[in-house]
Amino acid sequence: MTTTIDLSQVQATVLRGFRSFEALPHLWYGFVTLGDPAAAKRVVAELLPQVTSCAAWDRGLSDFALGLGFTAAGLEQLGQPTAAFPQPFRRGMASRAALLGDVGASRPELWPSPFTDPELHGVVVLSAASAAGLDAGRRAVEAAIAAAPGARILLVEEGH
């Protein structure tokens, strides 16, 4: 039996990765709260057309690559039940700190906000070949967040 995967429906980060060390050295991570369920759906609706699929990656990138990741709380804000997800995902990384080696100076009590915040709903990952491309992606994300009441960026991490 052969399984066919529609690569236009799979984020590039799942099968391709953003290979930031090769071609996309400018990175931006926006940790977000999505607001109420209506706002959460609005943010995703605004960003979804810009998410880089595996098919788009294979055709060649535009200014930036964009990926979305959600916490269990974020999926619930989007109206997606999480009961079928594994318990470690639903409970979060802090609940598995000892198993993951996050002890001593790395224990969850010392994690910066928002990493233990129950309102952390997800992360937007941008990667680009240039600073200008990254800025274009950041502006698109900020506009989507600003258009949804209650949604906001809790923390930004950048890398090069």
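One is the number of the first residue; the rest follow in order along the sequence. Below, all heavy atoms of this structure are taken into account, side chains as well, without hydrogens, waters or symmetry copies.
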Checklist entry - Between CG of D63 and CG of L134, what distance do you get to the nearest 0.5 Å? => result 10.5 Å
Checklist entry - Do V43 and I145 touch side chain to side chain, with heavy atoms closer than 4.5 Å? => result yes
Checklist entry - Between G67 and Q11, which heavy-atom pair has the shortest distance, and what is it? => result CA-OE1, 3.1 Å
Next on the checklist: Give me the atom names and distance for the closest heavy-atom approach of Q50 to A140.
Outcome noted: OE1-CB, 3.3 Å
Checklist entry - Rounded to the nearest 0.5 Å, how far does CD of Q9 lie from OG of S53? => result 8.0 Å
Item to check | Spacing of M1 atom CE and T3 atom OG1 [to the nearest 0.5 Å] | outcome: 5.0 Å
Next on the checklist: One thing to verify: whether R138 and E142 come together as a salt bridge, which I'm taking to mean a side-chain N less than 4.0 angstrom from a carboxylate O.
Outcome noted: yes
Item to check | Heavy-atom side-chain contact between W28 and V124 under 4.5 Å | outcome: yes
Checklist entry - Taking side chain as C-beta onward, heavy atoms only, is V44 less than 4.5 Å from L78? => result yes
Checklist entry - Is there a donor-acceptor contact under 3.5 Å from the side chain of T33 to the main chain of H121? => result no
Item to check | L99 side, atom CG; M93 side, atom CE - distance, nearest 0.5 Å | outcome: 10.5 Å
Next on the checklist: Within the structure provided, determine whether F70 and L34 are in side-chain contact (heavy-atom separation under 4.5 Å).
Outcome noted: yes
Checklist outcome for this item: Between L126 and G137, the two heavy atoms sitting closest are CD1-C, 3.4 Å
Checklist entry - Do you know which two heavy atoms are closest between G133 and A128, and how far apart they sit? => result C-CB, 3.7 Å
Checklist entry - Can you tell me if T82 uses its side chain to pair, donor with acceptor, with the backbone of F85 under 3.5 Å? => result no
Checklist entry - Shortest non-hydrogen contact from L120 to F115? => result CD2-CA, 4.2 Å
Checklist entry - Which pairs count as side chain to side chain donor-acceptor pair (under 3.5 Å) when at least one residue sits in residues 89-99, sequence neighbours excluded? => result none
Checklist entry - Do F31 and I153 touch side chain to side chain, with heavy atoms closer than 4.5 Å? => result no
Checklist entry - Minimum heavy-atom separation for A39 to A148, with atom names? => result O-CB, 3.6 Å
Checklist entry - Within the side chain of S8, is there an N or O that forms a donor-acceptor pair under 3.5 Å with the backbone of A55? => result no
Next on the checklist: Is any side-chain heavy atom of F64 closer than 4.5 Å to one of L66?
Outcome noted: yes
Checklist entry - Does A97 offer a backbone N or O that forms a donor-acceptor pair with the side chain of R107 under 3.5 Å? => result no
Checklist entry - Is any side-chain heavy atom of P25 less than 4.5 Å from a side-chain heavy atom of H160? => result no
